[in-house]
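Presented below is the structure to which this report refers.
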Number of protein chains: 2
Amino acid sequence: MPSARPGPNLSRIATSLGVSVATVSNALSGKGRVSESLAEKIREHASELGYVPSQAGRALRTGRSGVLGLVLPDIANPLFPKLAQAIEFAATTAGYGVLIADSRGDVAAQTEAINRLIERGVEGMVIVPRRATRISAASCPVAVIDTASTPGNTVAADHWQGGRDIATHLAELGHKRILIIGNNPESNVQNDRAGGIRSGLTGDMQSTTLWIERLERDQGNGCSLGLAEKVREGYTAFAALSDLQALRALTELQRDGIVVPDMASVTGFDDLIWSPVITPALTTAAMDMRLIAEIAIESLVRTIQATGPREGVLVTAETDRVPMQLIVRQSSGPAAPAHLTYKTENS
Amino acid sequence: MPSARPGPNLSRIATSLGVSVATVSNALSGKGRVSESLAEKIREHASELGYVPSQAGRALRTGRSGVLGLVLPDIANPLFPKLAQAIEFAATTAGYGVLIADSRGDVAAQTEAINRLIERGVEGMVIVPRRATRISAASCPVAVIDTASTPGNTVAADHWQGGRDIATHLAELGHKRILIIGNNPESNVQNDRAGGIRSGLTGDMQSTTLWIERLERDQGNGCSLGLAEKVREGYTAFAALSDLQALRALTELQRDGIVVPDMASVTGFDDLIWSPVITPALTTAAMDMRLIAEIAIESLVRTIQATGPREGVLVTAETDRVPMQLIVRQSSGPAAPAHLTYKTENS
DNA sequence: CTGAAAGCGCTTACAG
DNA sequence: CTGAAAGCGCTTACAG
């Protein structure tokens with residue numbers, strides 16, 4: 001005997017009202033050709049009984065689970081909270097639930113995570129791939145959020161343009177020598193951002209790039225980045241490719257007696273939760289997570305409806321590149337021309 | 001006509017092998033009284049066909065969805081990544097999927113989030129309640145992660161003991177005047193931590209508590225905490241109730257020329273992702289998220305199995321208080337007695 | 001406008 | 001050891 005579901009079901013409502021289940025179903029879904037008075041009575045009775053429709057029954061009948069999957073490369077990623085929140089909101093708005101899966105570690109774990117989601121019957125999924133990983137289509141529609149330069153990408157922030165905005169901002173502050181600080185030279189996102197920065201430098205500016213991962217391989221984890229020395233060499237701006245690196249740079253500079261922003265500027269990317277809170281607050285280029293999530297989910301849902309839930313397709317979106325927004329919180333720099341004024345956040 | 005599910009089902013496997021669906025089901029689930037040779041043949045054929053069992057069918061029949069819910073007070077919370085990762089891992093290990101819900105904002109939103117999960121058929125859920133919110137039992141088993149002093153709590157880190165460890169550590173470094181920095185005086189977690197700190201001070205130490213939320217109400221967002229002045233007043237240790245506040249304190253001190261840890265110590269809680277990365281790295285008391293998640297999920301699953309999925313119960317655990325671990329990264333302080341040595345992380 | 005009936009895919013007593 | 005059958009709760013053509 002199947003375990004009883006405690007709550008009332010359609011049939012209970014039907015018999016208790018002396019009508020058929022079909023009519024109850026129609027009334028509740030609003031699709032039906034049911035007289036308004038009966039429909040009203042049914043709705044009332046249903047809510048009185050605390051009726052909650054069974055997803056299982058519905059899913060079995062319609063073939064749609066009403067659930068999407070979210071696969072993260074590494075859930076501990078500081079960007080994750082905003083992304084997950086945005087995805088959850090967009091999905092809920094579209095009437096879907098969100099099942100999470102952490103593809104921590106290697107590519108194998110990612111594949112496993114994807115399979116788990118498939119087994120749970122997701123109709124489609126959003127994947128933020130591991131660095132430089134290619135998604136081999138799963139057996140359901142897949143939306144990929146990465147960089148525009150990732151093949152098969154569905155939607156992404158315009159990291160390149162974000163980098164360009166950073167460079168323009170630094171140029172206006174009068175900086176000449178920029179140190180770009182990245183973590184991983186293999187990351188598509190970081191490369192796009194760095195490329196954008198370089199492309200936005202004016203003729204009299206120059207940049208060098210420091211990859212922390214390489215440095216740490218040589219000198220050990222948590223080693224000094226040697227930024228104070230860079231200041232002595234003439235660098236006045238430190239453009240990190242993520243706020244996490246920017247924070248590391250900022251605290252190291254301050255520890256070594258470099259006053260920010262008076263002696264050097266520090267910029268980041270992503271507008272992580274603490275970026276506005278530290279002193280001085282970080283100038284940063286932020287993704288519009290809400291919009292990105294909306295586009296990803298909307299395209300995903302459209303594809304699901306067009307192709308059916310169980311076909312493996314890489315989803316494409318009309319807009320695949322969402323502009324990044326520069327948030328200026330350090331509005332002066334070592335060489336800021338006095339006549340320039342900037343829009344800052346807290347004023 | 002119900003929309004066809006593309007993949008093979010039990011019946012397809014059965015007919016193609018000339019056996020009954022019951023036998024296939026039994027063979028695949030391993031429960032059956034099926035001869036090993038037949039079972040092996042069936043398993044082989046199933047995997048050949050790429051058979052993926054239908055959760056919907058199973059759920060409808062058994063009354064269990066195989067899914068748990070995770071309700072977060074504010075998904076953008078910096079603690080969330082570690083928690084979600086730990087929960088996802090524990091749930092996956094227990095054979096469950098995890099549906100997320102963000103109860104951003106008010107209590108009403110929290111209730112709504114809970115209802116959404118119920119509608120999706122979760123068998124139980126883990127809730128991290130909003131500050132000082134009481135969970136009125138939903139119509140399924142609920143495990144609550146908060147403070148031990150929260151009524152109806154299932155499992156929590158021992159925030160009080162964490163605070164005590166921080167105090168002991170500061171005492172050993174020779175600090176006499178401690179400024180405790182919190183965000184919200186209404187938070188159970190923060191109050192437990194602060195209480196622990198105070199309880200761990202020795203007779204010749206004294207502490208004052210600064211609540212940022214109150215300060216900002218008076219002076220505006222992003223206002224200075226005035227910590228440099230506190231240093232001049234004789235405070236040498238700043239014990240923040242979360243790494244986020246610790247970071248704010250650290251950067252403000254550094255900006256104002258206070259060298260950390262030579263002139264003042266800064267400690268935090270939670271070991272957030274950037275805590276080891278900044279300069280100087282933060283001394284902090286960390287929760288064992290893995291263990292907390294494990295206990296929460298295990299107790300939840302046990303309760304589900306005991307009471308059935310659709311009963312509203314507040315889950316209790318055998319161990320409801322998990323010790324916090326002190327991670328010492330600033331091993332010296334302004335007044336550190338030379339003869340003391342500390343275990344530090346990077347050495 | 002309303003109802004009887006079929007069937008989505010699965011599991012589980014029960015009979016053989 | 002294997003199979004026939006019932007039924008979980010729902011939706012949807014179809015008939016009335």
Side-chain angles (χ1 to χ4, degrees), chain A residues 1-43 46 49-66 118-121 123 308-310, chain B residues 1-43 46 49-66 118-121 123 308-310:
Chain A
M1 153 206 65
S3 57
R5 215 180 69 120
N9 52 23
L10 285 190
S11 147
R12 196 116 101 219
I13 299 178
T15 51
S16 118
L17 239 43
V19 298
S20 76
V21 282
T23 299
V24 177
S25 173
N26 280 327
L28 257 28
S29 68
K31 277 176 209 164
R33 303 118 301 207
V34 183
S35 71
E36 187 43 43
S37 58
L38 214 205
E40 177 56 27
K41 207 165 90 186
I42 290 174
R43 280 194 294 267
L49 258 53
Y51 170 69
V52 177
S54 153
Q55 276 296 323
R58 184 175 290 169
L60 183 55
R61 173 61 222 231
T62 63
R64 350 210 68 159
S65 62
I118 298 276
E119 278 171 22
R120 298 233 166 269
E123 292 182 42
R310 278 288 174 108
Chain B
M1 153 206 64
S3 57
R5 215 181 68 120
N9 53 21
L10 285 190
S11 146
R12 195 117 100 222
I13 299 177
T15 50
S16 118
L17 238 42
V19 297
S20 76
V21 282
T23 298
V24 176
S25 173
N26 280 326
L28 256 29
S29 67
K31 278 177 212 163
R33 302 120 303 205
V34 182
S35 70
E36 188 43 44
S37 58
L38 215 203
E40 178 54 29
K41 205 164 94 186
I42 289 174
R43 279 195 293 269
L49 257 53
Y51 169 70
V52 178
S54 154
Q55 277 295 323
R58 182 174 292 170
L60 183 53
R61 173 62 222 234
T62 63
R64 352 210 66 161
S65 62
I118 299 276
E119 277 171 22
R120 298 232 167 270
E123 291 180 43
R310 276 288 174 106

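Just so you know, these numbers come straight off a predicted model, no measurement behind them. In what follows, chains are A, B, ... by sequence order, proteins preceding strands, each numbered from 1.
- Distances shorter than 4.0 Å separate some side-chain N or O of Arg58(B) from OP1 or OP2 on dT11(C).
- Where DNA chain D pairs in unbroken runs of 3 or more (Watson-Crick or G-U, both distances under 3.5 Å), the stems are C:1-3 with D:14-16, C:5-12 with D:5-12, C:14-16 with D:1-3.
- Atom CG in Leu28(A) sits about 13 Å away from atom C1' in dG9(D), given to the nearest Å.
- Rounded to whole Å, atom P of dC10(D) lies 13 Å from atom CZ of Arg61(A).
- The side chain of Thr23(A) places no N or O atom within less than 4.0 Å of a non-bridging phosphate oxygen (OP1 or OP2) of dT2(C).
- Note on Ser35(A): only backbone sugar-phosphate atoms sit closer than 4.0 angstrom, heavy atoms only; bases stay farther off.
- Taking both residues in full, the closest heavy atoms of Leu49(B) and Ile13(B) are given as CD2-CG1, 4.2 Å, listed atom of the first, atom of the second, then distance.
- When distances run from any side-chain atom of Asn9(B) to the nucleotides dT2(C), dC8(D), dC10(C), the shortest one goes to dC10(C).
- The distance from atom CZ of Arg12(B) to atom P of dG9(C) is 8 Å, rounded to the nearest whole Å.
- Distances shorter than 4.0 Å separate none of the side-chain N or O atoms of Ser25(A) from OP1 or OP2 on dC10(D).
- Atom CD in Glu119(B) sits roughly 12 Å away from atom P in dC10(D) (whole-Å rounding).
- The CG atom of Leu10(A) sits 15 Å away from the C1' atom of dA4(C) (whole-angstrom rounding).
- Computed from coordinates, the Tyr51(B) OH to dC10(C) C1' distance equals 7 Å when rounded to whole Å.
- Remark: Ala56(A) engages Ser54(A), Ala59(B), Leu60(B) in a side chain to side chain contact (heavy atoms under 4.5 Å, CB included) (not counting sequence neighbours).
- Across the protein-nucleic acid pair, Gln55(A) atom CD and dG9(D) atom P stand 14 Å apart, rounded to whole Å.
- A sub-4.0 Å separation between OP1 or OP2 of dG3(D) and a side-chain N or O of Ser20(B) is present.
- With sequence neighbours excluded, no residue forms a side chain to side chain contact (heavy atoms under 4.5 Å, CB included) with Thr15(A).
- Under the side chain to side chain donor-acceptor pair (under 3.5 Å) criterion, Ser16(B) pairs with His45(B), not counting sequence neighbours.
- In this structure, Val34(B) and Ala27(B) approach most closely via the heavy-atom pair CG2-N, 3.9 Å.
- With sequence neighbours left out, Ser20(A) forms a side chain to side chain donor-acceptor pair (under 3.5 Å) with Thr23(A).
- Among residues two or more places apart in sequence or in another chain, the side chain to side chain donor-acceptor pair (under 3.5 Å) test is passed with Ser65(A) by none.
- Rounded to whole angstrom, the span from the CG atom of Asn26(A) across to the P atom of dT11(D) amounts to 9 Å.
- Note on Ala56(A): nothing from the nucleic acid sits closer than 4.0 angstrom, heavy atoms only.
- Toward the 5' end of DNA chain C, the nearer of the two residues Ala22(B) and Gly57(B), judged by each one's closest nucleotide, is Gly57(B).
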